A.B. asks: 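Below are the structure tokens for one structure; questions will follow.
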2 protein chains.
Amino acid sequence: MSQNQLDARRNEILTGARTCFARYGYEGATVRRLEEEIGLSRGAIFHHFRDKDSLFLAVAEDDAATMVATVAEHGLVQVMRDLLHAASASASDTGEPDVTGWLGSQLEVSRRLRTDPEFAKRWAARSEAVAEATRERLQRQLEAGVLRADVPIGILAQFLELAYDGLVLHLATGRPVQDLEAVLNLVEGAVRRK
Amino acid sequence: MSQNQLDARRNEILTGARTCFARYGYEGATVRRLEEEIGLSRGAIFHHFRDKDSLFLAVAEDDAATMVATVAEHGLVQVMRDLLHAASASASDTGEPDVTGWLGSQLEVSRRLRTDPEFAKRWAARSEAVAEATRERLQRQLEAGVLRADVPIGILAQFLELAYDGLVLHLATGRPVQDLEAVLNLVEGAVRRK
């Protein structure tokens, strides 16, 4: 296989794996279900990825790269607004991609993080990329004069990350979304210059 | 047994069960471990509580009652500060009660909430009690003139709950605590009158 073919095959595997993890969660995405969703045998899949963990982390890295791009351009609050919109759409069954499974897999990750130090280490690089993009974006907003200047950027970034974590936990446990847009406005207001 | 003896026995069971759930998490607290920690046979334990779920929910109800009392007197931000303090103490091994297991069990609950509608229903009453105490406390603060008046109390309460959820997820996954006090100051500042 040429490099192009290898890359195409790798992307094909990642796309199927993403759907499978979103639908069944990490635990529920058995190797058999991964085979069915991806349309390849376990031998073919694990020729490209060492094991299910590596496959899951590769999907998570793609997610993180997308999140970093959105944070860099529109900020972490916009990531939260997009997530809220997607969760509302899932709840009202509009045919948009369902994020319920994705949210569930985020909670499963949380569980892994506290029980599996090796997994936690591999995950940390992904979180740090998002945190760095958040700080850089805040720095640019500070220079543009729209950010409050009385609190260090590192604290503002962690405040936004805390709100993001809270939103994930709230949505993943299926609680009501109705007032969350107003709550996110409050989050955004708390880091802006008055 | 007299009513007093029944109550004493019930409290004895709850105390042992709390320790066991905190140490092993919900899943890890097997009936055998519950027997060992409580010092009673499964027959004696489940004479007072229908099953492990009921026992766990009874412990959670006690936790919620404690939380409601703290919220009513000092507010939800103080609950967060206490949690942060306990998590820092656990991390630095000062001999204070370890909240790591308790945090882990909160995440396990989150998982149950999305997969088990019956459990979610029984849990909801507990969350609503905390939410109501939060709104009542904010109402008193508004009347005392220390709260911002431009955002409805329901939104301020949900903002604080979002921060609380974020803190639980942050601490439960063992992430660093160092800057969180400053982050909580920011959370508190966001609901106060300027």
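It should be emphasised that the depicted structure is a prediction, and the values quoted were computed from it without experimental measurement. Lettering follows sequence order; numbering is per chain, from 1.
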A.B. asks: Give a yes or no on whether B:Ile38 and B:Leu6 share a hydrophobic cluster (residues Ile, Leu, Val, Met, Phe, Trp, Tyr; joining criterion: side-chain heavy atoms under 4.5 Å apart).
C.D. replies: no

A.B. asks: If I measure from the heavy atoms of chain B, does A:Leu156 come under 4.5 Å with its side chain, its backbone, both, or neither?
C.D. replies: both

A.B. asks: Indicate if A:Leu160 and A:Leu169 have the same hydrophobic cluster label, given that clusters are the connected sets of ILVMFWY residues with side-chain heavy-atom separations under 4.5 angstrom.
C.D. replies: no

A.B. asks: Using a cut-off of under 4.5 Å on heavy-atom pairs, state which of A:Leu186, A:Val191, A:Leu113 scores highest against chain B.
C.D. replies: A:Leu186

A.B. asks: For the interface with chain B, which of A:Leu107, A:Leu103, A:Val109, A:Leu184 has the highest count of heavy-atom pairs at distances below 4.5 Å?
C.D. replies: A:Leu107

A.B. asks: Name the member of A:Val168, A:Leu162, A:Leu167, A:Val151 that forms the most heavy-atom pairs with chain B at distances under 4.5 Å.
C.D. replies: A:Leu162

A.B. asks: Quick one: of A:Pro152, A:Gly104, A:Ala163, A:Ala124, who has the most non-hydrogen atom pairs under 4.5 Å with chain B?
C.D. replies: A:Gly104

A.B. asks: Across chain B and chain A, going purely by atom type as modelled, what donor-acceptor pairs are there at a distance under 3.5 Å?
C.D. replies:
residue  : atom : partner  : partner atom : Å
A:Gln158 : NE2  : B:Asp179 : OD2          : 2.7
A:Asp165 : OD2  : B:Arg175 : NH1          : 3.1
A:Asp165 : OD2  : B:Arg175 : NH2          : 3.2
A:Arg175 : NH1  : B:Asp165 : OD2          : 3.1
A:Arg175 : NH2  : B:Asp165 : OD2          : 3.1
A:Asp179 : OD2  : B:Gln158 : NE2          : 2.6

A.B. asks: Decide whether A:Leu84 and A:Leu76 are clustered together by the hydrophobic rule: side chain heavy atoms of Ile, Leu, Val, Met, Phe, Trp, Tyr closer than 4.5 Å, transitively.
C.D. replies: yes

A.B. asks: Any link between B:Phe46 and B:Phe119 through a network of hydrophobic side chains (Ile, Leu, Val, Met, Phe, Trp, Tyr) touching at under 4.5 Å?
C.D. replies: yes

A.B. asks: Consider only side-chain heavy atoms of I, L, V, M, F, W and Y, link residues closer than 4.5 Å, and tell whether A:Phe56 and A:Met67 are in one cluster.
C.D. replies: no

A.B. asks: Is A:Val187 in contact with chain B via its backbone, its side chain, both, or neither, using a 4.5 Å heavy-atom distance?
C.D. replies: both

A.B. asks: Output the option from B:Gly174, B:Ala190, B:Ala172 having the highest count of non-hydrogen pairs under 4.5 Å with chain A.
C.D. replies: B:Ala172

